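Treat the numbers as computed from the prediction; the structure is a model and nothing was measured.
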Amino acid sequence: MSQITFIARMTVQEGREEKFVKLCRELKAYVRENEPGMLYYEFFRLREPRRYAVIESFRDEESEYKHMSSAKLGEVAPKINECLVGEWVREYFDPL
């Protein structure tokens, strides 16, 4: 399989949105600067209260692996998870 794309939806705890957004922006800046295999990486505020999503698209499995095993993600992801209610829900998209 070549390109890997997914959306992950999440709910942020009440009162934790400011910290969550700051962490997402920090991670996004790092990814754009350091991960050339990332085709698209963007966080979104959904229209439901405290709901957010991230869309991630990788050139290939190797690029996804590098992102998922990066030291920066290992540092920031636990802090993001502390802001969430429950877990992320991922939906994968396969190109036609």
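Interatomic distance, D94 CG to F6 CZ, rounded to the nearest 0.5 Å: 13.0 Å. With rounding to the nearest 0.5 angstrom, the CG atom of L27 is 6.0 Å from the NE2 atom of H67. To the nearest 0.5 Å, atoms CD (E75) and CD (E26) are separated by 6.0 Å.
Counting all heavy atoms, side chain and backbone alike, V85 lies closest to V12 at CG2-C, 4.1 Å. V76 and L23 make their closest contact through CG1-O, 3.9 Å (heavy atoms, listed as atom of the first residue, atom of the second, distance). Here the closest heavy-atom approach between residue Y41 and residue K28 is recorded as CE2-CA, 3.7 Å. Counting all heavy atoms, side chain and backbone alike, E17 lies closest to R50 at OE2-CG, 3.4 Å. Shown here for R59 and P36, the closest heavy-atom pair between the two residues is NH2-O, 3.0 Å.
Between K79 and E82, no side-chain nitrogen of the basic residue sits less than 4.0 Å from a carboxylate oxygen of the acidic one, so the salt-bridge criterion is not met. With respect to the salt-bridge test (charged N to carboxylate O, under 4.0 angstrom), the residues E62 and K66 qualify. With respect to R32 and E42, a salt bridge is recorded, a charged nitrogen being found less than 4.0 Å from a carboxylate O.
Between F44 and Y40, the ring-plane angle classifies as parallel under the 30° and 60° cut-offs.
Counting heavy-atom neighbours within 6.0 Å of K22 NZ, excluding the residue itself, gives a total of 12 or less.
Side-chain contact annotation: E35 with S63, donor-acceptor N/O pair under 3.5 Å absent.
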